Chemist: 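Handing you this structure, nothing more for now.
Every value quoted in this text rests on a predicted model; they were computed, and no experiment measured them. In what follows, chains are A, B, ... by sequence order, proteins preceding strands, each numbered from 1.
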Amino acid sequence: MLTIKHFSKCYKGGKKAVDDLNLVIEPGDIYGFIGHNGAGKTTTIRAVVGVLDFEEGDIEIDGISIKRDPVACKAITAYIPDNPDLYEHLTGIQYLNFIGDLFSVSKADRESLIKKYGDDFQITAYFGDLISSYSHGMKQKLAIISALIHRPKLLVLDEPFVGLDPKAAHMLKTIMADLCSNGSAIFFSTHVLDVAEKLCNKIAIIKAGKLITHGKTEEVKGDNSLENVFLELIDHD
Amino acid sequence: MINIWRLTKIQLLSSFGLNKALHTHDVKERRRLLLLSIVILISVVMVGVVSFGYSFMMALTFEQIGRMDLLLAIMMAVASVIGFFTTIYKASGVLFSFKDYDLVMSLPIKTSHVVASRVLQLYVLNLFFTLMVMLPAGVVYAIKVNPGVFYYLLYLTTLLFIPLIPIIAATIIGSLISWISSRFKGSQVISLILTFAVIIAVMFGSFRMNGSVQILSDMGTQLADMIFKLYPLTSIYVDAVCSYQMGSFLLFIVISVLAFMLFTIVLGTRFKAIYTGITTSHASSKYQMKPLEAASPFLALYRKELRRYISSSLYVLNTSIGMILLLAMSISLLFISSEKLGQLVEIPQLSTYLSKLAPLVVSMFVTLSCTTSSSISLEGKNIWILKSSPVPKQTILLSKIAVNLTVTIPILIVSYVLLMISLRTGWIESLLLLAIPMIYACYSAMMGVLVNLKFPNLEWTSEVTAIKQSASVIVAMLIGFISLVIPFALVLLLSHVNGNLILLGIGLIMIAVCSVIFRYIRTKGEQLFQTL
């Protein structure tokens with residue numbers, strides 16, 4: 001579903017934020033992307049969803065290069081950034097309808113999915129209010145719903161559990177599992193290692209822009225906890 | 001006190017991409033900023049030269065009647081009016097629309113100091129206008145009067161205090177508007193209506209004043225009396241600078257500083273209440289799912305952009321004032337003949353020029369109403385939504401152009417009909433009167449998008465930075481100005497050639513320019529948008 005081939009990203013001044021990254025995420029995968037602050041997780045995620053331009057390597061979604069046909073890639077991808085800055089001058093429902101229009105979601109689908117996810121996250125009653133009146137968690141829920149209404153093949157999330165209440169976090173995990181059972185793939189970054197350990201079937205650990213380990217969660221952590229493995233790998237030069 | 005300066009410095013550094021210019025290591029970026037600095041410098045020199053010429057011409061008249069002090073009095077009044085007029089627009093935005101409100105207000109700093117830093121930001125920007133008007137006037141005065149050293153000392157010191165009172169007066173009105181608006185549900189709309197009302201009232205007042213100035217222009221003492229009566233601070237200023245009266249000098253400074261201090265303290269007490277009133281949304285939280293309306297991506301983007309436009313009173317005020325002025329002029333011309341208007345503004349052949357240049361005059365108002373030059377910057381931190389959406393970027397850019405045309409075209413058509421009636425234009429002139437401004441409307445909207453793509457500012461904390469103090473807005477304004485000055489000059493210089501023919505040529509050239517920009521947006525727009 002997602003293939004990252006020799007992806008590198010240099011920032012102005014020559015410093016490499018990500019160096020020769022290779023990853024393959026298959027349909028049905030919940031792929032956790034773990035690393036320190038500044039390790040290159042967000043840079044990778046932003047390149048995958050076509051927000052960040054890059055020169056070296058290639059990224060393919062469902063066999064389509066994001067460089068060659070970004071619009072086709074984006075049409076099957078959904079992205080939720082770590083800090084969902086949404087259009088505060090729109091109401092929740094206006095925003096969802098706007099996203100529905102951009103992703104050409106049919107009227108029937110968008111109505112039923114908005115209703116379903118709105119009720120799941122207990123936010124439907126607030127859809128008529130301006131986003132500027134929403135709390136951080138409500139904005140996060142709205143961003144999640146907007147990502148789900150076009151039934152993405154690839155869901156990319158940057159620190160998705162930050163700001164969510166326990167019930168919403170549980171709901172998101174259930175939705176993620178449902179999506180993958182239907183053949184979609186999920187690629188997400190997190191600092192919450194417990195969640196990654198329980199939720200992900202595959203894990204990649206990145207340090208200073210370089211991939212230091214990746215594979216099935218059981219293989220990466222072995223008999224240890226993911227936390228111990230992560231700390232050992234990160235501290236070891 | 002040091003905190004006021006610290007806060008002011010932080011805000012000013014974010015203006016005009018100043019901080020970026022100081023810290024960027026990117027050669028391309030540096031080259032672009034250098035180019036921008038040169039453009040700004042050229043504009044400053046151009047304005048300075050015009051201002052000097054204006055002062056010099058006036059000085060010739062005042063020299064004859066032996067009242068050179070009137071030059072400084074009038075120019076001080078002009079600087080004050082400019083300061084007042086330009087501050088009303090942005091006072092509310094600078095004071096109450098900053099995203100770092102929570103951060104700033106949680107710091108161990110007095111609220112009055114936060115207010116002071118905001119007013120000082122307005123002050124620094126207005127000091128520029130004051131210098132542009134007063135420096136050439138001061139030089140002309142010195143050339144003509146040859147005053148002693150004391151003049152320079154008093155003149156330069158008072159320069160720094162001239163903008164204070166006009167800014168405070170405008171900020172009081174801006175704050176009052178915000179305070180009243182904050183009590184209503186649709187605070188932004190109320191604020192917009194009230195600000196427009198005040199601006200139109202001020203314009204009407206100054207129009208009436210112009211008429212009186214004209215009548216009194218030959219009578220030096222009466223003119224002085226009138227200016228001194230309208231704005232008493234000019235009298236104190238003239239006494240201080242021209243007559244070296246230390247009492248007046250001190251009084252001028254004390255009044256300015258005291259007004260500033262008093263205002264910041266008083267507003268400081270109501271600041272949080274006003275901000276909370278403006279920013280608190282009315283949430284009913286009773287929404288029930290209704291049938292939704294599906295639209296094409298372009299229409300969805302257009303609606304979103306239009307909602308964004310209407311949601312910001314600062315954005316509307318700054319970009320629609322040109323069209324409001326055009327409508328006001330078109331309506332006025334129904335009641336005042338162009339010959340009379342020519343007599344009133346002392347341009348003897350105005351009616352002839354107007355019949356020749358009307359399409360360009362109307363185009364001038366249209367280019368003043370460029371919403372696109374800040375429309376990409378205004379996406380700010382929301383840019384990820386558009387960048388990650390499966391829509392060709394040219395569709396996004398075209399939706400922004402469409403909103404600009406929505407602002408300009410309807411008023412343009414109404415004004416066209418009114419002008420056609422009042423100017424009694426022939427059929428070719430009528431056609432040009434409609435076609436040329438229409439072409440300029442398309443040109444201005446597309447050029448704004450292009451300039452904003454080249455000079456984006458997505459890191460703003462206050463909308464004012466994107467709408468009024470960003471490089472893209474200045475560059476777009478300058479390009480718009482140049483695009484009109486050249487045709488104006490051509491029509492005036494080639495007076496022996498048929499004016500309609502020249503206008504037709506200009507129209508064809510502008511169509512060619514528009515198609516080049518359109519093609520560029522279609523081919524390179526995607527790439528430029530992606531690098532944002």
Chemist: Measure Ile99(A) against the heavy atoms of chain B and call it side chain, backbone, both or neither at under 4.5 Å.
Modeler: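 Answer is side chain: those atoms of Ile99(A) sit under 4.5 Å from chain B.
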Chemist: Side chains of Lys5(A) and Asn22(A): is there a donor and an acceptor less than 3.5 Å apart?
Modeler: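 No pair is found: no donor N or O on one side chain lies under 3.5 Å from an acceptor on the other.
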Chemist: Shorter than 4.5 Å, heavy atoms on both sides: which option in Lys286(B), Glu293(B), Arg308(B) has the most such pairs with chain A?
Modeler: Arg308(B)
Chemist: Below 4.5 Å, heavy-atom pairs only: which of Met289(B), Lys290(B), Glu526(B) has the largest tally toward chain A?
Modeler: Met289(B)
Chemist: What part of Ile123(A) gets within 4.5 angstrom of chain B, counting heavy atoms only: side chain, backbone, both, or neither?
Modeler: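 The answer is neither part of Ile123(A).
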Chemist: What residue, out of Pro297(B), Ser389(B), Ala295(B), has the most heavy-atom pairs lying under 4.5 Å from chain A?
Modeler: Ala295(B)
Chemist: Ignoring hydrogens and geometry beyond distance, is a side-chain donor-acceptor pair present between Tyr309(B) and Thr406(B) at under 3.5 Å?
Modeler: no
Chemist: Can you say whether Ile385(B) sits under 4.5 Å from chain A via the side chain, the backbone, both, or neither, judging by heavy atoms?
Modeler: side chain
Chemist: Counting only heavy atoms closer than 4.5 Å, note whether Glu379(B) contacts chain A via side chain, backbone, both or neither.
Modeler: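 Side chain only.
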Chemist: Name the option with the most non-hydrogen atom pairs under 4.5 Å to chain B; the candidates are Arg46(A), Lys107(A), His150(A).
Modeler: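 Sorted descending by pairs with chain B, the first entry is Lys107(A).
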Chemist: Just so I understand: if I count every heavy-atom pair under 4.5 Å between each of Gln530(B), Arg307(B), Lys381(B) and chain A, which residue has the most?
Modeler: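 Winner by heavy-atom pair count: Arg307(B).
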Chemist: Heavy atoms only, distances under 4.5 angstrom: which of Ser296(B), Gly380(B), Pro291(B) has the most pairs with chain A? Name it, please.
Modeler: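 Top count of heavy-atom pairs under 4.5 Å with chain A: Pro291(B).
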Chemist: Side chains of Val24(A) and Ile4(A), heavy atoms from C-beta outward: is any pair under 4.5 Å?
Modeler: no
Chemist: For the interface with chain B, which of His89(A), Glu88(A), Lys115(A) has the highest count of heavy-atom pairs at distances below 4.5 Å?
Modeler: His89(A)
Chemist: Can you say whether Leu301(B) sits under 4.5 Å from chain A via the side chain, the backbone, both, or neither, judging by heavy atoms?
Modeler: both
Chemist: Picking from Ala125(A), Ala143(A), Gly100(A), Gly128(A), which has the most non-hydrogen pairs under 4.5 angstrom with chain B?
Modeler: Ala125(A)
Chemist: Measure Gln288(B) against the heavy atoms of chain A and call it side chain, backbone, both or neither at under 4.5 Å.
Modeler: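 When you check distances to chain A, no heavy atom of Gln288(B) falls under 4.5 Å.
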Chemist: Determine the interplanar angle of the Phe98(A) and Tyr95(A) rings, folded into 0 to 90°, and report it as parallel if under 30°, tilted if 30 to 60°, perpendicular if over 60°.
Modeler: tilted
Chemist: Please determine, by modelled atom types, if Glu159(A) and His191(A) share a side-chain donor-acceptor pair under 3.5 angstrom.
Modeler: yes
Chemist: Under a 3.5 Å cutoff, is there a donor and acceptor pairing between the side chains of Ser65(A) and Asp58(A)?
Modeler: yes
Chemist: Yes or no on ring pair (Phe, Tyr, Trp, His ring centres under 6.0 Å) for Tyr287(B) and Tyr126(A), after CA distance, side-chain angles and deciding distance?
Modeler: CA-CA 6 Å; Tyr287(B) 184 81; Tyr126(A) 301 92; over 10 Å; no
Chemist: Please report whether the ring centroid of Phe33(A) lies less than 6.0 Å from that of Phe188(A).
Modeler: no
Chemist: More than 12 heavy atoms of other residues, nucleotides or ligands under 6.0 Å from NE2 of His136(A): is that the case?
Modeler: yes
Chemist: Between chain A and each of Leu299(B), Ile383(B), Val391(B), count heavy-atom pairs under 4.5 Å; write down the option with the most.
Modeler: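 Highest number of pairs under 4.5 Å: Val391(B).
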Chemist: Side chains of Glu463(B) and Ser312(B): do they bring a donor and an acceptor to under 3.5 Å?
Modeler: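 Side-chain D/A pair, Glu463(B) to Ser312(B): present.
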Chemist: In terms of heavy-atom pairs under 4.5 Å with chain B, which of Thr124(A), Val49(A), Asp53(A) leads?
Modeler: Thr124(A)
Chemist: Near Lys454(B) NZ, under 6.0 Å, is it more than 12 heavy atoms from other residues, nucleotides or ligands?
Modeler: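 Count not over threshold, so no.
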Chemist: What part of Leu86(A) gets closer than 4.5 Å to chain B, counting heavy atoms only: side chain, backbone, both or neither?
Modeler: both
